[in-house]
Amino acid sequence: MTENSRYIGHMPKIGIRPTIDGRRKGVRESLEEKTMNMAKMVAKLISDELNYNNSQPVETVIADTCIGGVAEATKAKAKFDKENVGVTITVTPCWCYGSETMDMDPNRPNAIWGFNGTERPGAVYLAAVLAAHNQKGIPAFGIYGRDVQDIDDQTIPEDVVEKILRFAKAGIAVAMLKDKSYLSIGSVSMGIAGSMVDEGFFQDYLGMRNEYVDMTELNRRINEEIYDKEEYEKAYAWVKQNCAFGSDTNSEGNQRSKEQKEEDLKMNIKMTIITRDLMEGNLKLAEMGYEEEAMGRNAIASGFQGQRQWTDHLPNGDFMEAILNSSFDWNGIRAPYMVATENDTLNAVTMLFGHLLTNTAQVFADVRTYWSPEAVKRVTGQKLEGKAQDGIIHLLNSGSAALDGTGQQEEDGKPVMKPYWDITKEEVNKSLQATKWRPANTEYFRGGGFSSNFKSKGDMPVTIARVNLVKGLGPVLQIAEGYTVELLDEVHEILNNRTDPTWPTTWFVPNVTGEGAFRDVYTVMNNWGANHCAMSYGHIGADLITLASMLRIPVNMHNVKDENLFRPSAWNMFGTQDPEAADYRACQIYGPLYR
């Protein structure tokens, strides 16, 4: 089994269910090899193309036999339960008995690939079993290739490959969330609604539990030295050697002394180590006699309130959040942690969605300002050009963004954000060199600290997203695919200096469609549902939509083409003319996945 060093238990697997016509004395026998080969092809595709966020290939489990009836379906389920299967894919080249062979687990996402061939009616079974799923209220995804294949064709068509992988990525993400924790460090920050923990949302929609510690726990562990002091010394030396510190923009009367800044840095490093220990535990603490603290909270994500009860008196959490959210630290290159600034639980969930789909770091940001071409021209005297010509959105937050967001990682000479196992030491060094740690603005952060200051490289395809909660409706997801852009240095400086120049900046332009919420750049900004977003590398809107449908979270705005939407078959029964409206109706009827 794939071990999970960060969380309790093993990684979830994908179960492959080869279903077959149960009639013996000729029919079933003629189909056994073809059916099982389909299962093996899907298993190989998944393990070759997909990885867990710990870098290991996604594991699959194939039923011991083809499934021709309820007895074999039950045996397959028993095996899958034992093997920690979190999502299943049914495959068949032929007619099978629908309700007798189907996967009846309502909490385990299921897809069915019905082979499009004329020799045997796999597509007929697909339609029949999807009808059974819909009638029984157990939504399933249907995968039907566009082109007819010959029965001896041992390949998976490209359109089928795309849907299998999209389903598998989303399904593994759903399974990864289940039974994990969200750790809330502190409470509500400055009245931000996202930091008001909604336990019903986490439990019913995500299958997660909520854990809480007061921010004073960080102080206790610092004061009583409940952290690995050897690691702290290693971290301090690494920071002093590798991190660049920028100028202080505070007025002379508001600047902290050199000695205070040094103590702030030391405390920020300790906060980073302790927050990680709170999330995942640390066996070193048990050796020190702190068995309870060594356990951790099995937290797949966390949030730090910070403002203002902490930051009015103590160094801010920007350093801690930025380093944990990045794909590297003093221990080397490793998977990023998901830590939300201001304890924005909903942005943390959105970061989780993006991370589990891409295995990359996520950039936490304010959706700060829409700059029209006219406003930019008035303020700077310069004209926006290229992708930025119709306006830009300033993504900016107080230094908590992952350093991967600098765009210093490269592929084919272009800026990217990679899974940690593909990142080089040179790229880590470039990301660190592109980041300046600036003394915190003490008008905002009276207790001092540091903020990460960088500017994202342009021309990266990215997706911003956000989960919002609406009373009477529940959670909704909004998505905007687009690109990062770079401005002329003098334009960037003028615009950036109008807010806080010590914070990290990404200039973002969504792909506009001329319609609805994506009529133009301004309309995207005007329809955004909260002050925060999570930014993922790549155009992953279609994957997010598939994931949301598994969790029964409707998508209220997106700029993904209709032909790329992949939702359960039942969604078509709620209307095919308006997919967004059908999504809302289906999610309302089926309700949360774990209710």
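Bear in mind that the values here come from a model prediction, so they are computed numbers and not experimental data.
- For the residue pair Glu321 and Thr341, a side-chain donor N or O sits within less than 3.5 Å of a side-chain acceptor on the partner.
- Remark: of the listed residues Ser187, Ser184, Ser302, Ser184 is the sole one forming a side chain to side chain donor-acceptor pair (under 3.5 Å) with Asn343.
- Side-chain polar atoms of Asp103 and Thr88 form a donor-acceptor pair below 3.5 angstrom.
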TODO: Would you please test Leu285 and Asn282 for side chain to side chain contact (heavy atoms under 4.5 Å, CB included) and show each step?
DONE: CA-CA 6 Å; Leu285 301 184; Asn282 187 342; 4.0 Å; yes
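- Residues Val476 and Tyr584 have side chains in contact (heavy-atom distance under 4.5 Å, counting atoms from C-beta outward).
- Panel note: side chain Ser47, backbone Val58; no donor-acceptor pair is recorded below 3.5 Å.
- The six-membered or imidazole ring of Trp503 lies near that of Tyr444, with a centre-to-centre distance under 6.0 Å.
- Ring geometry for Trp330 versus Phe319: interplanar angle under 30°, hence parallel rather than tilted (30 to 60°).
- Contact of the Cys533 side chain with the Leu395 side chain is registered, since non-hydrogen atoms from C-beta on lie closer than 4.5 Å.
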Task: Residue pair Tyr337, Glu280: steps toward the side chain to side chain donor-acceptor pair (under 3.5 Å) verdict - done: CA-CA 10 Å; Tyr337 295 83; Glu280 69 177 9; 3.0 Å; yes
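- Salt bridge Glu231/Arg276: present, at least one basic N to carboxylate O contact under 4.0 Å.
- Side-chain polar atoms of Ser327 and Asp404 form a donor-acceptor pair below 3.5 angstrom.
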TODO: Evaluate the side chain to side chain contact (heavy atoms under 4.5 Å, CB included) criterion for residues His558 and Gln478: first the C-alpha distance (whole Å), next the side-chain angles of each, then the deciding distance (0.1 Å), finally the verdict.
DONE: CA-CA 6 Å; His558 69 83; Gln478 51 188 172; over 6 Å; no
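- Taking CG from Asn359 and OH from Tyr420, the interatomic distance works out to 9.0 Å, rounded to the nearest 0.5 Å.
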- [ ] Could you go through the salt bridge (charged side-chain N to carboxylate O under 4.0 Å, His left out) check for Arg595 and Asp204 one step at a time?
- [x] CA-CA 5 Å; Arg595 186 174 62 187; Asp204 295 346; over 6 Å; no
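- The pair Arg220-Glu293 counts as a salt bridge, with a side-chain nitrogen and a carboxylate oxygen less than 4.0 angstrom apart.
- Judged by the 6.0 Å distance and 45° axis criteria, Lys163 is not positioned over the aromatic ring of Phe141.
- At least one cation-pi condition fails for Arg552 and Tyr594: the charged atom is not both under 6.0 angstrom from the six-membered ring centre and inside a 45 degree cone around its axis.
- A donor-acceptor pair shorter than 3.5 Å can be found between the side chains of Gln307 and Glu342.
- Environment of CZ in Arg209: sparse, with no more than 12 heavy atoms of neighbouring residues, nucleotides or ligands closer than 6.0 Å.
- Classified by interplanar angle (parallel below 30°, tilted 30° to 60°, perpendicular above 60°), the ring pair Trp571/Phe574 is perpendicular.
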TODO: Start with the C-alpha distance between Lys270 and Glu225, add both sets of side-chain angles, then the distance that settles salt bridge (charged side-chain N to carboxylate O under 4.0 Å, His left out), and finish with yes or no.
DONE: CA-CA 9 Å; Lys270 293 171 185 176; Glu225 297 188 326; 6.0 Å; no
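- Judged by the 6.0 Å and 45° rule, Lys180 forms a cation-pi pair with Tyr7.
- A donor-acceptor pair shorter than 3.5 Å can be found between the side chains of Arg17 and Thr90.
- Remark: Asn54 CG to Arg6 CZ distance equals 9.5 Å, nearest 0.5 Å.
- In this model, no donor atom of one side chain and acceptor atom of the other lie less than 3.5 Å apart for Gln362 and Asn325.
- Contact check for Glu217 versus Leu278: side-chain heavy atoms found under the 4.5 Å cut-off.
- Checked against a 6.0 Å centroid threshold, the rings of Trp310 and Phe304 count as neighbours.
- A donor-acceptor contact closer than 3.5 angstrom is absent between the side chains of Lys178 and Asn107.
- Between the side chains of His10 and Asn84, not a single donor N or O lies within less than 3.5 Å of an accepting N or O.
- Counted by atom type alone, Asn347 and Arg466 present one or more donor-acceptor pairs between their side chains at under 3.5 Å.
- At least one side-chain heavy atom of Met320 sits less than 4.5 Å from a side-chain heavy atom of Val339.
- With hydrogens and angles disregarded, no donor-acceptor distance shorter than 3.5 Å links the side chain of Asn564 to the backbone of Val560.
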